[in-house]
Amino acid sequence: MSTAIVTGQPVPGSSLESDLRSLGFDVRVAADAAETESLLAAVPADRRVALVDARFVGHPHALRLGLTDPRFPLAAVPGAVTAQPAARQALTRAVARATSADGGTAAARAAEGGAPALAVDSLADRVATALDADGGAVHRLELGSLVATVPADPQARNEARQAVAAVDDEAVRLKSAVKSRDGFFTTFFISPYSRYIARWCARRGLTPNQVTTASLLTALIAAGCAATGTRGGFVAAGVLLIASFVLDCTDGQLARYSLQYSTLGAWLDATFDRAKEYAYYAGLALGAARGGDDVWALALGAMVLQTCRHVVDFSFNEANHDATANTSPTAALSDKLDSVGWTVWVRRMIVLPIGERWAMIAVLTAATTPRITFSVLLVGCAFAATYTTAGRVLRSVTRKARRTDRAAQALADLADSGPLADGLRRVLAKGLPGLAVPAVALLGGAAVVACSALAGFGSPLPVAGALVYVLASALAVARPLKGPLDWLVPPFFRAAEYGTVLVLAAEADVNGALPAAFGLVAAVAYHHYDTVYRIRGNAGAPPARLVRAIGGHEGRTLLVTVLAAVLTASQFKVALTVLAVAVALVVLVESIRFWVSAGAPAVHDEGEPA
């Protein structure tokens, strides 16, 4: 249980103590600063501690947001400050500093810290100021219409209470549970009622992880229905896919509604969306096969295209995460278009975010055939990829930005270079200048895919193309990726590797080769998504030993071309299956080890819709 120390003389009629207890705090009262220090020292080191001014007036949800969010070691709202166990020492030092006998008045203490004088002499606010002065990263949330204040006199207290009564605390909490930026379908067709499902779950003690798991199971059942290949199965699959998406929205809303963020939840949230979508693709392909139509190439193509789209998003965002002088005429035009209401929704819809994409897949599954579903999906995703990538290229070439070492390292990690590229990179040393970097990555990838497509199965030509690709890969990463278009290097690598596997499996023309290739690409894609979410959580890339163990993108590509050259089509199918299982086992074991460890970040995506 967490502990809240209420400082100062209790105010008659205040609900503060009961509000704190409802939030799970063990409440203790300190009459003065000295008693506060004593109570703080007595609290076990593994507990969260909050200091709250007894005169505090505000919404319970303001206290909940300020004092219970597990993502921030230090946080504060006016009249209250909190510290998780990792930041307890900083809090103890700040309390000692803020309450020292020679600190003088509140104004003097604030002045010593270089901060403006506080309007009201509140110990909690003085401690927050001292934490700032000591370099503590104190999170201060935007309260919006919520009230959190320490009134200076009875009249101010009465006005504050009136302000609290004028705003519906629960309505604000429900509204804030919904992601601030989402797609049209999600915003207008899911969130208006899924937020109430989230509240229902919270009141019954359900956790976001349980809802996430329910969403996965629902999607897997939908995939199973699609695999039956019957019209009834297709209709049921479409309905269940939408139900899975409702639950997918609900788990995030439940996490925000009840502030139940966790490292395990971060891992589940980061991976299950892709697992659900790609399992559904496999179910559709199996259902089509039952009807005599082989669409595995389309299913694998859809997975490749969608994964490459995401890599473009991730690479561009990481390249510009902390870039300086980060402006461009294209970005200014985009901001201007965003000021016109209807264009915002049109632009969000045409990029086919997850809501629109799943709704389209569900409707097409129920009403048409798997082949039509995949064909429309490929066309829609291709258009969306072209639109978003073109816009980002224009922004990059017109933007005068200086990218940081962190951005260059993130792009290098996303590149997923293995021992072959690393060894050649050290030999090549200086690397390529400017725009030659993405150009060489593109040409190298095109070489191996083209050689694989033009040569018949069993030809050595794809191996030659793969060797060119290995050399091009090393040249592309020989120097830090800080060029204006260097963020294109990781998606070019993904397209080359996945495309080569797809083409060679199709060339094998043997039953089971494309499903085996689907499994291999799914396993490798999982590794690449895992890398993204580790970087987003500032936890770094997966360990180098893992990348070496699975060969890096260039090593895997070369291996697949060699296998296709020396094995028969049937043997190649078996080799792809074995490789898929091996890669999946290695990356899953390492991923699970990391995400259930104490060092895993609580990553929750509030940005671009997936």
A.B. asks: Can you give me every donor-acceptor pair (side chain of residues 503-515, partner residue at least two apart or in another chain, under 3.5 Å) with its distance?
C.D. replies:
none

A.B. asks: Which value, rounded to the nearest 0.5 Å, describes the distance between Arg556 atom CZ and Ile550 atom CD1?
C.D. replies: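 Spacing of CZ (Arg556) from CD1 (Ile550) equals 4.5 Å.
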A.B. asks: Per the side chain to side chain contact (heavy atoms under 4.5 Å, CB included) rule, which among Asp486, Leu488, Leu414 passes with Ser315?
C.D. replies: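 Answer to the side chain to side chain contact (heavy atoms under 4.5 Å, CB included) test with Ser315 among Asp486, Leu488, Leu414: Leu414.
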A.B. asks: Give the C-alpha distance, both sets of side-chain angles, the deciding distance and a yes or no for side chain to side chain donor-acceptor pair (under 3.5 Å) between Thr228 and Thr230.
C.D. replies: CA-CA 6 Å; Thr228 64; Thr230 64; 3.2 Å; yes
A.B. asks: Counting only N and O atoms by type, is there a donor-acceptor contact under 3.5 Å from the side chain of Glu554 to the main-chain atoms of Ser473?
C.D. replies: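 Side chain of Glu554 to backbone of Ser473, a donor-acceptor pair under 3.5 Å: no, none is there.
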A.B. asks: Is a donor on one side and an acceptor on the other found under 3.5 Å between the side chain of Arg494 and the backbone of Cys308?
C.D. replies: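 Judged by distance alone, no pair lies under 3.5 Å.
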A.B. asks: Is the shortest side-chain N to carboxylate O distance from Arg392 to Asp313 below 4.0 Å?
C.D. replies: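 A salt bridge links Arg392 with Asp313.
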A.B. asks: Determine yes or no for a side-chain-to-main-chain donor-acceptor pair under 3.5 angstrom, with Arg348 supplying the side chain and Asp182 the backbone.
C.D. replies: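 Side chain of Arg348 to backbone of Asp182: a pair is present.
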A.B. asks: Could you state the interatomic distance from CG (Leu563) to CG (Leu558), rounded to the nearest 0.5 Å?
C.D. replies: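 So the gap between those two atoms works out to 9.5 Å.
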A.B. asks: Picking from Val351, Val304, Thr389, what satisfies side chain to side chain contact (heavy atoms under 4.5 Å, CB included) with Arg309?
C.D. replies: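 In the set Val351, Val304, Thr389, the residue that makes a side chain to side chain contact (heavy atoms under 4.5 Å, CB included) with Arg309 is Val351.
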A.B. asks: Look at the rings of His553 and Tyr469 and say which category their plane angle falls in: under 30° parallel, 30 to 60° tilted, over 60° perpendicular.
C.D. replies: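 Geometry flag for Tyr469 against His553: perpendicular rings.
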A.B. asks: Please check: side-chain N/O of Arg231 versus main-chain N/O of Thr368, any donor-acceptor pairing under 3.5 Å?
C.D. replies: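 Confirmed, Arg231 side chain pairs with Thr368 backbone.
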A.B. asks: Looking at Arg290, I'd like to know if its CZ atom is crowded, meaning that more than 12 non-hydrogen atoms belonging to other residues, nucleotides or ligands lie closer than 6.0 Å.
C.D. replies: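 No, because the 6.0 Å sphere around CZ of Arg290 holds 12 heavy atoms or fewer from other groups.
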A.B. asks: Determine, step by step, whether Tyr526 and Ser591 satisfy the side chain to side chain donor-acceptor pair (under 3.5 Å) criterion, reporting the C-alpha distance in whole Å, the side-chain angles of both residues, the deciding distance to 0.1 Å, and the verdict.
C.D. replies: CA-CA 9 Å; Tyr526 176 88; Ser591 177; 2.6 Å; yes
A.B. asks: Under the ring pair (Phe, Tyr, Trp, His ring centres under 6.0 Å) rule, what do Tyr278 and Tyr281 come out as? Steps first, then yes or no, please.
C.D. replies: CA-CA 5 Å; Tyr278 299 157; Tyr281 291 174; 5.7 Å; yes
A.B. asks: In a table with atom names and distances, give each donor-acceptor pair under 3.5 Å that connects a side chain of residues 580-590 to protein atoms at least two apart or in another chain.
C.D. replies:
{"unit_1": "Glu590", "atom_1": "OE1", "unit_2": "Arg593", "atom_2": "NE", "d": "3.1"}
{"unit_1": "Glu590", "atom_1": "OE2", "unit_2": "Arg534", "atom_2": "NH2", "d": "3.4"}
{"unit_1": "Glu590", "atom_1": "OE2", "unit_2": "Arg593", "atom_2": "NH2", "d": "2.9"}

A.B. asks: Check step by step if side chain to side chain donor-acceptor pair (under 3.5 Å) holds for Asp530 and Trp595.
C.D. replies: CA-CA 10 Å; Asp530 186 55; Trp595 286 103; 2.6 Å; yes
A.B. asks: Treating Glu356 as the side-chain partner and Phe184 as the backbone partner, does any N or O pair qualify as donor plus acceptor under 3.5 Å?
C.D. replies: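 Yes, the answer is positive, given that a donor and an acceptor are paired below the 3.5 Å cut-off.
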A.B. asks: What do the steps show when you test Gln409 against Asp413 for side chain to side chain donor-acceptor pair (under 3.5 Å), and what is the final call?
C.D. replies: CA-CA 6 Å; Gln409 183 59 53; Asp413 292 336; 2.9 Å; yes
